[in-house]
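Taking it in order: structure first as structure tokens, then the write-up.
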Amino acid sequence: MIQDKLQKHIAEALLALYSTNVKQENIIIQQTRKDFEGDYTFNVFPYLKFAGEKPEACAEKIGGYLLKNVDSVASFNVIKGFLNIVIADHFWAGFLADHVNSKNFGNQVAGDGKPVVIEFSSPNTNKPLHLGHVRNNLLGWSVAEILKFAGHKVVKVNLVNDRGIHICKSMLAWKKWFEGKSPESENIKGDKLVGDCYVRFDREMKKEVESLVAAGKSKEEAEKQSPLISEARQMLKDWENGDAEVLRLWTEMNGWVYNGFDKTYERMGIDFDKIYYESDTFLLGKAIVEDGLRQGILFKKDDGSVWADLSDEGLDEKLLLRADGTSVYITQDLGTAQLRHDDFDPSKLLYVVGNEQNYHFDVLRIILQKLGRKWARDIFHISYGMVELPEGKMKSREGTVVDADDLMEQMHQTAEAMARELGKVEGLTDAEAYDLFEMISQGALKFFILRVDPKKNMLFNPEESIDFNGHTGPFIQYTHARIQSLLKKAAEKNIEHTEQLYKGEMHLKEREIIKLLYVYQGVVADAAESYSPALIANYVYELAKEYNQFYQEVNILKEQNIEKVRFRLSLSRLTANVIRSAMHLLGISVPDKM
RNA sequence: GGUCCAGUAGCUCAGUUGGAUAGAGCAACAGCCUUCUAAGCUGUCGGUCGCAGGUUCGAAUCCUGCCUGGAUCACCA
């Protein structure tokens, strides 16, 4: 990279001019602000004590040194202590020429060959996917793609929470109020039907509790004594004891849910390499805990329950096994982490899970470390914020959730209405038109979600539907379509892009665009390191915006100088490639026409 | 109460390891289609970067205190 080169020579300059030894990597090079002339800026303020000179003089000297010794430096200017360095046009033109035809520009090889295992989605089988899950799924998918692009092997896993009291509630409700009904008979998605059962259970239970409270019980008592809850608990016991009838219903209802989830995943473009089921793994952690107990790392209380003492780490004591010997959530996670380690020998274990579980993952890592699992340090929790509605957090029980399928369908319809109004469907078959609406609505949704910093909470207002203009996915898709159309037109006129080095003068915007293309690889690397698709999203938006401004300002094909036209076609082509590549990392496809 | 995270334009969000005059989009207003796609472009309007101190050549960014919002501290998952 050119920045490294500048760092190296500035370090040399400091040594030559002021006998000051500064490590190359400590030299700070920043992008020059747009309002000043130059590409990169070096700030001399930190070095003035060594130089013993005024900032301007010091910057002038270093600038002079660079101009003499680095051939890609064309000129420089000094404003106060800021040394603005202008990189020669031929450097940027050379970069462009080198990469116009490279496939997968920016792809890297990294890592030690061991896979990165990333868990995401991990739904419960008692309700359909909502907007919160959408954020999880898109994040997980995108981070996986970014890691692949950055050169890692990646295994995407999903741990389905398919057992427990919640699914028993749905099953019980089905038996009581939905008997005989199926997704086919009701003509709805299976996950929706099961979700309806769950909601019904909750409603009926509330009624019971209310009448118990009216009869003079406290709310806590009422909730514990509700006959419905007791029945559900009994059902869970029956499930654990392998009751054939309960297992049959459980299998059937989960099957409905999986069919429904599959459709949602497919529409979102999400898939997994391996699916774990909690019903297979929920007993796994017990052996690890019992082993820790034997080694004296864990301890047993008088009632027989098993605990980890985390007070050394500033945390509390944590329960690992109940007095009756059954396991809790964290026990299972201990087990699944071990399983994943045994299955894949990963270099990293990533978990895409909401930030309400930050504490849980701290505890998980610490306990595994206490138990002597060295690989516990490779566990990383990709923590993301909630999607909030204007009135606050989404609550399934209060019906304030934004259903994933409904949202996607609604956006599809908006995209269709808009496209028709703009006359974008001319000459398209129905199937092509459908695909276009789908691409655009998915692009809008995905970009909307992925462009915000994962760790922050974000707001979704259902009243104001997600935009298709401005800082959006469709804007970037549109830019790509524009370029494709331009390239096609050029080909019709027999004008091709070129790998030849362009020697003519460059437009200011052209330099800006090439500079953006130049840093693409670095952006992906940063995104891979911080697990943040938002970096990619905001980068590709900036690129598209810059290109659009250029496009509007300059008529590329009408230009008289044919070399300049070729150069601009190269620029357009590489821009389109990078847009396509970056959008792919976000799980967004780009149409050639829209 | 303890711990963690967040607070930037009316709204939704960017803001690189501390750097120059804090940026986009939406909304509002005014322009631009006989020219490669107007889902676009140009311009106007919009800021006490939660508040108060501190660190330094320089702070939205780092430190301390406070305010506000959220999460969490379950024998729920």
Side-chain angles (χ1 to χ4, degrees), chain A residues 25-26 28 30-36 41 43 45-46 48-49 55 79-82 84 122 124 161 163-166 278 282 303 305 307 314-316 318-324 326-330 332-333 354-360 362-363 383 385-386 388 390 392-393 415 418-419 421-424 440 444 448 451-453 455-461 464 466-479 481-490 492-493 522-523 526 534-535 537-538 541-542 545 548-558 568-569 572 593-594:
Chain A
E25 57 268 29
N26 293 335
I28 296 163
Q30 52 201 357
Q31 299 260 338
T32 304
R33 284 185 68 99
K34 281 216 170 129
D35 344 287
F36 299 95
T41 295
N43 188 332
F45 274 117
L48 291 180
K49 3 181 190 248
I79 297 167
K80 292 189 275 181
F82 296 96
N84 298 322
S122 305
N124 288 349
N161 184 351
R163 52 139 244 131
I165 192 74
H166 57 274
E278 216 180 274
F282 78 107
D303 65 357
S305 57
W307 297 73
L315 305 174
D316 300 336
K318 188 82 190 171
L319 176 87
L320 296 178
L321 287 177
R322 297 186 184 102
D324 64 5
T326 55
S327 53
V328 293
Y329 177 48
I330 193 141
Q332 298 173 36
D333 258 7
N355 61 11
E356 74 257 15
Q357 293 194 32
N358 287 354
Y359 179 72
H360 170 78
D362 285 346
V363 170
S383 163
M386 304 287 103
E388 288 169 348
K393 217 182 146 178
M418 237 165 144
E421 201 180 307
L422 291 168
K424 300 283 187 179
I440 290 170
F448 175 81
R451 86 181 170 98
V452 346
D453 184 344
K455 64 174 189 292
K456 290 189 180 172
N457 288 356
M458 65 181 292
L459 193 122
F460 174 78
N461 188 347
E464 306 163 10
I466 292 174
D467 242 306
F468 289 81
N469 300 322
H471 193 163
T472 66
F475 169 80
I476 299 160
Q477 292 172 316
Y478 172 74
T479 307
R482 244 186 178 178
I483 297 175
Q484 292 311 314
S485 165
L486 171 72
L487 295 177
K488 201 174 142 207
K489 209 79 163 197
E492 282 166 12
K493 294 188 178 183
V523 173
D526 288 350
L535 260 44
N538 289 307
Y541 170 73
E542 201 184 329
K545 188 176 161 68
N548 254 301
Q549 290 172 348
F550 173 64
Y551 182 97
Q552 204 88 15
E553 216 173 290
V554 165
N555 193 319
I556 295 171
L557 295 177
K558 279 263 174 78
R568 287 176 171 172
L569 289 174
S572 301
K593 251 175 89 176
M594 72 179 270

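Keep in mind it's a predicted model, so treat the numbers as computed, not measured. Naming convention: chains lettered A, B, ... in sequence-line order (proteins, then strands); numbering from 1 in each chain.
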*Tell me what A:Lys424 touches on the nucleic acid: a base, only sugar-phosphate, or nothing, going by heavy atoms under 4.0 Å.*
base
*RNA chain B: 5'-proximal contact among A:Phe475 and A:Tyr551 (nearest heavy atom)*: A:Tyr551
*Determine the Euclidean distance between corresponding C1' atoms of B:rG18 and B:rA59; express it in Å to zero decimal places.*
6 Å
*Going by a 90° cut-off around 0, is B:rC66 syn or anti?*
anti
*asked:* Under 4.0 Å, heavy atoms only, any strand: does A:Tyr359 hit a base, just the sugar-phosphate, or nothing?
replied: sugar-phosphate
_Whole-angstrom distance between B:rG40 and B:rC49, as gauged at atom C1'_ = 31 Å
*asked:* Within the 4.0 Å heavy-atom criterion, would you say A:Val523 contacts the bases, only the backbone, or no part of the nucleic acid?
replied: nothing
*Taking the same atom, P, in B:rA6 and in B:rG58, what whole-Å distance lies between them?*
27 Å
*Which is true for A:Thr41 with a 4.0 Å heavy-atom rule: it touches a base, it touches only sugar-phosphate, or it touches nothing?*
base
*For B:rU8 and B:rA74, measure between their C1' atoms and round to the nearest Å.*
37 Å
*B:rG10 and B:rU48: how far apart are their P atoms, nearest whole angstrom?*
7 Å
_Ionic contact status for A:Glu278 with A:Arg163, cut-off 4.0 Å_ = yes
*Write down the distance separating the C1' atoms in B:rU17 and B:rG53, rounded off to the nearest Å.*
26 Å
*Got A:Met386 and A:Met458 here, is their nearest side-chain heavy-atom distance under 4.5 Å?*
no
*Determine, for A:Arg322 against A:Asp324, whether the closest basic-nitrogen to carboxylate-oxygen distance falls under 4.0 angstrom.*
no
*Given A:Lys455, A:Lys456, A:Arg451, the one that forms side-chain hydrogen bond (donor to acceptor under 3.5 Å, both in side chains) with A:Asp453*: A:Lys455
*Have a look at A:Glu278 and say if it touches a base, only the backbone sugar-phosphate, or nothing, with a 4.0 Å heavy-atom cut-off.*
sugar-phosphate
_First-last contacting nucleotides on RNA chain B - partner chain A, under 4.0 angstrom, heavy atom_ = B:rA6 to B:rA77
_Closest approach of A:Ala415 to A:Phe468 (non-hydrogen atoms, all atoms of both residues)_ = CB-CE2, 3.8 Å
*Residues two or more places apart in sequence or in another chain: which of them pass ring pair (Phe, Tyr, Trp, His ring centres under 6.0 Å) with A:Tyr551?*
none
*Looking at residues at least two apart in the chain, or sitting in another chain, which of them share a ring pair (Phe, Tyr, Trp, His ring centres under 6.0 Å) with A:Tyr478?*
none
*When rounded to the nearest Å, what value does the distance between P atoms of B:rG23 and B:rG46 take?*
15 Å
*Is the count of non-hydrogen atoms from other residues, nucleotides or ligands lying under 6.0 Å from A:Glu421 atom CD greater than 12?*
no
*When we call it a touch if two heavy atoms are under 4.0 Å apart, what does A:Ile440 touch: a base, just sugar-phosphate, or nothing?*
base
*Select base, sugar-phosphate, or nothing to describe what A:Lys545 touches, counting heavy atoms under 4.0 Å on all strands.*
sugar-phosphate
*Across the strands shown, which category fits A:Asn43 at heavy-atom distances under 4.0 angstrom: base, sugar-phosphate, nothing?*
base
*Pair pattern of RNA chain B in dot-bracket, where unpaired bases get dots and | marks partners in another strand, Watson-Crick or G-U under 3.5 angstrom*: (((((((..((((.....[...)))).(((((.......))))).....(((((..]....))))))))))))....
*What does A:Asp303 touch in the nucleic acid at a heavy-atom separation under 4.0 angstrom: a base, only the sugar-phosphate, or nothing?*
base
_Over all strands shown, is A:Ile556 touching base, sugar-phosphate only, or nothing at heavy-atom distances under 4.0 angstrom?_
base
*Contact class for A:Asn457 (heavy atom, under 4.0 Å): base, sugar-phosphate, or nothing?*
sugar-phosphate
*Using a cut-off of 4.0 Å on non-hydrogen atoms, how would the nucleic acid contact of A:Ala534 be classed: base, sugar-phosphate, or nothing?*
nothing
*Results of salt bridge (Lys or Arg N to Asp or Glu O under 4.0 Å) for A:Arg33 - residues two or more places apart only*: A:Asp35
*Have a look at A:Asn84 and say if it touches a base, only the backbone sugar-phosphate, or nothing, with a 4.0 Å heavy-atom cut-off.*
base
*asked:* Between A:Ser327 and A:Leu422, which residue's closest nucleotide on RNA chain B lies nearer the 5′ terminus?
replied: A:Leu422
*Only counting residues at least two apart or in another chain, list the ones meeting side chain to side chain contact (heavy atoms under 4.5 Å, CB included) with A:Ser383.*
A:Asn355, A:Asn358, A:His381
*With heavy atoms under 4.0 Å as the rule, sort A:Pro46 into base, sugar-phosphate or nothing.*
base
*For atom P, what is the distance between B:rG43 and B:rC5, given to the nearest Å?*
40 Å
